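Quick note on labels: first sequence line is chain A, next is B, and so on, each numbered from 1. The model shown is predicted, which means the values in this text are computed figures rather than measured ones.
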Protein chains: 2
Amino acid sequence: MKGIRQLAKHLDISIGTVSRALNGRPDVNIETRKRVLAAAEELGYVANQSGRSLRQGTTNVIGLMIESSKETVENSDNFFLGVTGGLQSVLSRHKLDLLMLPCPNDEDPHEYLKRMVARRIVDAMIISATQRVDKRIDLLVKAKIPFVALGRSTSGGNHTWIDLDFEGVAACAVDRLVSKGHRRIAIAAPSNDINLGYIFVDAYRQALERHGIAYDPSLIIRVKSSEQGGYQAGHEMLRLDSKPTAIILIYELMAIGLYRRLNEAGIVPGRDLAVIGFREEPRGKFLQPSLTCFRMSLRDLGVELAETLLATMPAYAEHYPKGARNTIWPLELAPGESDAFSLSV
Amino acid sequence: MKGIRQLAKHLDISIGTVSRALNGRPDVNIETRKRVLAAAEELGYVANQSGRSLRQGTTNVIGLMIESSKETVENSDNFFLGVTGGLQSVLSRHKLDLLMLPCPNDEDPHEYLKRMVARRIVDAMIISATQRVDKRIDLLVKAKIPFVALGRSTSGGNHTWIDLDFEGVAACAVDRLVSKGHRRIAIAAPSNDINLGYIFVDAYRQALERHGIAYDPSLIIRVKSSEQGGYQAGHEMLRLDSKPTAIILIYELMAIGLYRRLNEAGIVPGRDLAVIGFREEPRGKFLQPSLTCFRMSLRDLGVELAETLLATMPAYAEHYPKGARNTIWPLELAPGESDAFSLSV
DNA sequence: GCGCTTTCCGGAAACGTTTTAGTATGGCAA
DNA sequence: TTGCCATACTAAAACGTTTCCGGAAAGCGC
């Protein structure tokens, strides 16, 4: 005999009363409640999650699905752990626990999520690394699991998502470079299949148009989002007939490869070429000259994610007025030395 | 009516048989099994985890507890996701799922783990960031939860653990520097409270003794494991009357601060001072000159962790001969330019 | 035909909890 | 007194699954 039954017997009380006492139900004598809570503390009793989940149909667990398969693994620890802090600060107020579900490399993310959802180990999900077309969204919609996606997608109608302000960042980067007299601005980005690649480059193009600068496809360098990709981007850039005077990188990690290639060519970032990166990461500080890039509070993003998610959960929605179901998350410029190179007088 | 009952009704078969068919029990007709599996696939049936956990007393989930404290996050980089890959490659063979349990910043890790254990959402645990005295170990031992600690500890008798080969690394670093003629070798480390700080410095001292070099306490610089800590280490080092000609850093992140302080003093790493870091991380490559440090396969470490853990779980131990319950994980030297400075002829 | 084993399946108990329905008690108004 | 309500509790059902136990049917040797 274990669990609540033992506790009930120890107190010589029915298990129903014990349960109600522990769960703060109204119809239990204040004295009794005190005794129950004291005994629970003393015996170290904590309700078995399987039992209560089975009965209630709820787990009090929020899942954060992360993929360790992509190239994103290179820089994701920091990101997810940072966001996690903000998430928990909100979720813990509702006695919700956050579990991270890492999708195995060799398993299809869609299948993995399907398994997790079917097993009912979470009440709601946050999915990351959203693709432009993402079957996971349809799955969650169909299964009626509350969720929010980190990254926009064309799947599943108008689902709830939060995404970084790629448009704003691209515009800011272009504006800044143009204000320094640059006209030929290259961009190193992954392919259009990746959400980021598509949106970012599109915003870059629009920003150029706004400044009346002709769009030159040769300045869009499609590479892997890795160190090698950065090296290759530098390489291809140097092979252009009409060389750019500035370049925007979408992944921080590209910077190291680019710097290396530039170094081989005797080009100094910030002196001979303006370089702007995207999302600030701790290691960006390791570069010399330091990389100009864009910064955001991972913790605040986590808070926003949590509140958005709770707004989609019927049991919690009352506390969170569901305003915009889609949020564009702003980043701020973190100036460095790498874009000091100016063509202005 | 949901779940297995519906499936059984659909097949006009008892639920007991359906369950046995799905779980690969022997006493079910091959034809029946096929029908059941086909129907399950068709209807998208997956067993409710709460139900089966409640009945079996097992969850088929392994927990990896991580701490999202600021210092851990900054130093982890891709550590956890790297290890996760290796873990899953082993666990998935046994149909075990890995969940990461991030301890909230504002909750005591011991309390958090207690909650998670009591709720029985995992069958076994891997805990990281083990402290020299770690109550979590006693808790797990007492609760009889199979576990393995990433990091050694003096708590809980002789528990199972895996730790990095600090001794080997310290010895290798010292040997390498001594062979280049260095006699005054500083070390920047966190306080003795941190496992790493204690063991690493001790090993460093022993290595010096082996070379007949007198131990000088002033060369042990206790700083935070952060960029600022690195800067401070550089600062304190420069204030010494008799300056060291080499320095060993315990955290990669320290390197950036150190480099900055050295730069201010006009000292070039690798030319005027030999620098060796500890664990290689992607961001280490961003440094110029590149940092000499120590490398390991995170994936392999994950595999080792998983196999060690399974050996401690009665249900799986048969496949994993429980050899050494304690493992020292080796690292290999990753030579860079930062320790090129030599005093030899 | 009989006894035995093997194969396969159905019925039901059990896991630990929450929650509903029901009950005893006592107070209070009529 | 009776009737009614509020309070605080007990008993029991329910959640979805696995697994034990028993039994029907079939095969087999004699």
Please pick, from D/dT17, C/dG16, C/dT18, the nucleotide with the shortest atom-to-atom distance to any side-chain atom of A/Ala47. C/dT18
With a 4.5 Å heavy-atom cut-off, do A/Asp300 and A/Trp329 have their side chains touching? yes
Take atom CD1 of A/Ile121 and atom C1' of D/dG16, then tell me their distance rounded to the nearest Å. 16 Å
Comparing B/Leu54 and B/Arg25 on DNA chain D - which has the more 5′ nearest nucleotide: B/Leu54
Tell me whether the centres of the aromatic rings in A/His10 and A/Tyr45 are closer together than 6.0 Å. no
For A/Ser14, run the side-chain contact (heavy atoms from CB on, under 4.5 Å) check against A/Leu11, A/Asp12, A/Thr17, A/Val18 and tell me which one passes. A/Thr17
Can you tell which of A/Leu64, A/Leu87, A/Ile126 makes a side-chain contact (heavy atoms from CB on, under 4.5 Å) with A/Met100? A/Leu64
Distance test, side-chain N/O of B/Arg52 to OP1/OP2 of D/dT18, below 4.0 Å: yes
From D/dT18, D/dG16, C/dT18, nucleotide with atom closest to B/Asn23 side chain: D/dT18
Rounded to the nearest Å, what distance is computed from the CD atom of residue A/Gln56 to the C1' atom of nucleotide C/dG16? 12 Å
In whole Å, what is the span from the CG atom of B/Asn60 to the C1' atom of D/dT18? 13 Å
NE2 on A/His319 to CZ on A/Arg93, rounded to 0.5 Å: 10.5 Å
Of the options B/Asn48, B/Thr59, B/Asp97, which is the one that meets A/Arg119 in a side chain to side chain donor-acceptor pair (under 3.5 Å)? B/Asp97
Indicate yes or no: does B/Arg136 engage B/Glu67 in a salt bridge with an N to O separation below 4.0 Å. yes
From CD of A/Gln49 over to C1' of C/dG16, roughly how many Å is that when rounded to an integer? 11 Å
In whole Å, what is the span from the NZ atom of B/Lys9 to the P atom of D/dG16? 15 Å
Please tabulate the protein-to-nucleotide N/O contacts below 3.5 Å involving nucleotides 6-10 of chain C, giving atom names and distances.
{"residue": "C/dC9", "atom": "OP1", "partner": "B/Thr32", "partner atom": "OG1", "Å": "2.4"}
{"residue": "C/dC9", "atom": "OP2", "partner": "B/Asn29", "partner atom": "N", "Å": "2.8"}
{"residue": "C/dG10", "atom": "OP2", "partner": "B/Ser14", "partner atom": "N", "Å": "2.9"}
{"residue": "C/dG10", "atom": "OP2", "partner": "B/Ser14", "partner atom": "OG", "Å": "2.8"}
{"residue": "C/dG10", "atom": "OP2", "partner": "B/Thr17", "partner atom": "OG1", "Å": "2.9"}
{"residue": "C/dG10", "atom": "O6", "partner": "B/Arg20", "partner atom": "NH1", "Å": "3.3"}

Tell me: CZ of B/Arg120 to C1' of C/dT17, nearest whole Å? 15 Å
For A/Glu31 and D/dA8, what is the distance between atoms CD and P respectively, to the nearest whole Å? 11 Å
Could you walk me through whether B/Asn326 and B/Ile162 pass the side-chain contact (heavy atoms from CB on, under 4.5 Å) test, one step at a time? CA-CA 6 Å; B/Asn326 300 327; B/Ile162 295 181; over 6 Å; no
Tell me whether B/Asp108 is salt-bridged to B/Lys114, with the criterion being a basic N under 4.0 Å from an acidic carboxylate O. no
Rounded to whole angstroms, how far apart are CZ on B/Arg55 and P on C/dC15? 8 Å
Any N/O pairs under 3.5 Å between the protein and nucleotides 23-27 of chain C? List them or say none.
none

